[in-house]
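Let me begin by presenting the structure, written as structure tokens, before commenting on it.
Whatever order the structure lists ligands and atoms in, that order sets their numbers, starting from 1. Keep in mind that what you see is a predicted model, and the values were worked out from it rather than measured.
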Amino acid sequence: MISSSTAWAWTSLAGVAGVFWLAALVYWRSWRFRKLQRLPPGSMGWPLIGELVPYVTIVRSETPFRFTRERESKYGPVFKTSLLTGKTVMITDVEGVKFVLHNEGVLFETGYPRSLKDVLGEHAMLFQHGDLQKRMHAMLKRFVSSTPLKKHLTREMELLTMQGMSTWSRGQRILLQDEIQRITHDFLMKQLFGLEPGKLSTTILKEFHTLMAGIIGIPMMIPGTPYFKAMKAREKLSKIIMDMVATRRAKPDIEHKDILNALIEEVKQEDGDMEKIIIDNVLVNIANAENVPAVVIALAVKNLSETPKALEQIREENLAIRKGKDPSEGLSWNEYMSLEFTQAVFNETLRLANGAQGVMRKALKDVEYRGYIIPKGWTVLPYFLNIHFDENMFPNSAKFHPWRWLEKNIPPSYVLPFGGGSRLCPGQELAKVQTAVFLHHLVTQFKWDAEPEKVINFPMISTRNHVPVVLYDLN
Ligand code: HEM
């Protein structure tokens with residue numbers, strides 16, 4: 001039997017616990033209320049789909065910057081929305097974008113969809129933080145930045161470009177974007193695996209397309225879905241990569257000068273995850289390097305076709321450095337880098353193309369910024385489009401005007417096609433070489449008639465008809 005004093009003690013204890021519980025609840029609710037009160041302004045749109053419909057409609061239009069510009073003028077450069085990315089805060093000005101990019105790993109981490117992480121693999125540098133990301137990133141940067149390699153990369157791209165162009169027949173209609181894709185794929189395979197064009201290279205390309213088709217699917221293994229097919233393509237690609245690694249281990253005396261070799265060397269001391277680190281980081285490189293550079297080069301040709309004065313100037317610049325050279329003679333790294341106007345065409349094309357309209361991050365904790373709270377777990381989109389179309393920095397911003405890059409010094413914080421902070425694209429030098437080499441050979445050998453073309457900004461940057469042209473000899 002329970003004595004009356006014990007019952008009283010229990011009752012008091014329950015009472016005290018109840019009071020604490022109630023106080024905690026009141027505190028939590030008021031804290032949550034205060035937090036909600038301090039969310040950035042903006043609209044979350046409709047249940048489930050949020051503001052996805054207006055976003056996609058506007059981003060696919062000729063004026064893709066309108067979605068964020070309209071909201072920025074209503075709410076300021078930090079506002080909330082929802083775009084299938086869940087609860088999201090968009091940040092659209094230079095200062096805000098810098099804040100997010102430079103707090104990588106401290107306040108924010110990459111927040112790409114789960115399907116992308118599954119398909120490329122969680123050990124890919126894009127999803128890693130800390131030591132592994134730093135090492136993988138530095139490895140790739142070293143690979144493309146060392147001086148002997150730069151010379152070698154220029155020559156490799158040049159040979160593949162000349163080889164690709166030698167198959168073009170004059171007077172025939174070709175889809176330039178597909179032709180460029182073929183050349184840049186061969187270049188990538190050579191840099192990644194030391195692989196020459198052939199059956200294996202074609203198989204990798206086919207599997208890669210299946211892989212990429214699944215990156216924004218629902219991450220469930222349902223046979224027949226793009227995600228399911230992508231995961232199967234991942235298995236096939238993983239086997240191809242590990243077979244190459246095994247062959248190299250069996251013949252250690254053969255020297256390889258490619259990214260796979262740099263990766264193998266980098267992870268030598270790693271424990272059990274070594275295989276996954278190699279596979280995932282090869283796949284993230286293919287994902288970044290296979291499509292976007294080809295589309296950017298195709299867009300540069302489209303822009304030049306629509307701007308005869310720019311075409312004339314880029315041709316003059318490139319013909320000038322060919323003077324006195326044999327047609328088969330290569331150009332040095334320094335000669336490519338001296339092509340100022342060609343570089344301006346590349347910068348201007350990237351500014352307008354916005355292959356990466358922004359990057360995706362997730363808040364690691366409640367982040368206080370400009371008096372607002374970005375709650376832990378929310379998606380954060382540092383958005384580059386508004387900055388690239390800033391009328392003060394880029395007057396008449398929707399117009400292709402490469403001269404603007406020569407007329408004034410544009411601060412790096414306004415030039416974001418390669419992202420920024422610790423994830424600044426490690427492949428940007430490679431993309432520059434590819435573009436400069438391709439444009440050099442195109443404008444010094446050919447003239448062309450181009451059909452009208454439109455840019456597609458969503459879900460991936462591309463062109464509607466893949467830039468159809470009829471080519472003729474320049475002379
Ligand atoms: C015009 C072409 C290219 C554009 C516009 C571009 C753009 C970008 C952007 C915006 C990022 C940052 C992503 C983020 O912060 O979340 C990035 C990262 C990356 N890019 Fe590129 N890229 C290009 C070409 C390349 C090439 C040719 C390669 C490889 C050879 C490459 C490899 C990578 C890798 C591995 C990352 C992840 C870096 C990390 O997380 O540490 N990219 N790229």
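- Within the structure, the closest approach of Q191 to ligand 1 does not fall below 4.0 Å when heavy atoms are considered.
- Between F108 and F99, the two ring planes are perpendicular [angle over 60°; tilted spans 30° to 60°].
- At a 3.5 angstrom cut-off on N or O pairs, T110 does not count as close to ligand 1.
- Between W403 and F341, the distance separating the two ring centers is shorter than 6.0 angstrom.
- Here the rule is side-chain contact (heavy atoms from CB on, under 4.5 Å) with V415, and of I387, N347, L350, I410 only I410 fits it.
- Between N285 and ligand 1, not a single N/O pair is under 3.5 Å apart.
- Residue S422 places no N or O, backbone or side chain, under 3.5 Å from any N or O of ligand 1.
- Residues that satisfy the salt bridge (charged side-chain N to carboxylate O under 4.0 Å, His left out) test with R249, not counting sequence neighbours, are absent from this structure.
- In this structure, a donor-acceptor pair under 3.5 Å is absent between the side chains of S238 and E275.
- Using modelled atom types and a 3.5 Å distance limit, the side chains of H123 and Q128 yield no donor-acceptor pair.
- Contacts between H137 and ligand 1 below 4.0 angstrom, taking non-hydrogen atoms only, involve the side chain exclusively.
- The shortest side-chain heavy-atom distance between L471 and M165 does not fall under the 4.5 Å cut-off.
- In the candidate list Q128, R361, Q133, E104, R361 is nearest to atom 15 (O) of ligand 1, counting heavy atoms.
- Note on ligand 1: F127 sits outside its first shell, no heavy atom being nearer than 4.0 Å.
- Between R423 and ligand 1, at least one N/O pair is under 3.5 Å apart.
- For ligand 1, the atoms lying closer than 4.0 Å to a non-hydrogen atom of A431 are 1 (C), 2 (C).
- Residues satisfying the ring pair (Phe, Tyr, Trp, His ring centres under 6.0 Å) criterion with F187, sequence neighbours excluded, are absent altogether.
- Near G427, meaning under 4.0 Å from any of its heavy atoms, are these atoms of ligand 1: 26 (C), 27 (C), 28 (C), 31 (C).
- With a 4.0 Å cut-off on non-hydrogen atoms, L430 touches ligand 1 through its side chain and not its backbone.
- Those atoms of ligand 1 that come under 4.0 Å of a heavy atom in P426, given as number and element, are 19 (C), 20 (N), 33 (C), 34 (C), 36 (C), 38 (C).
- Residue Y112 has at least one nitrogen or oxygen atom sitting less than 3.5 Å from a nitrogen or oxygen atom of ligand 1, judged on distance alone.
- Under the 6.0 Å distance and 45° angle rule, R351 counts as a cation-pi partner of F389.
- In this pair, H440 and Y336 present their aromatic rings perpendicular. The plane angle is above 60°, beyond the 30 to 60° band.
- Here M139 has no heavy atoms under 4.0 Å from ligand 1, in either its backbone or its side chain.
- Of the listed options A289, P293, P417, C425, P417 places a heavy atom closest to atom 10 (C) of ligand 1.
- Against a heavy-atom cut-off of under 4.0 Å, G419 is close to the following atoms of ligand 1: 10 (C).
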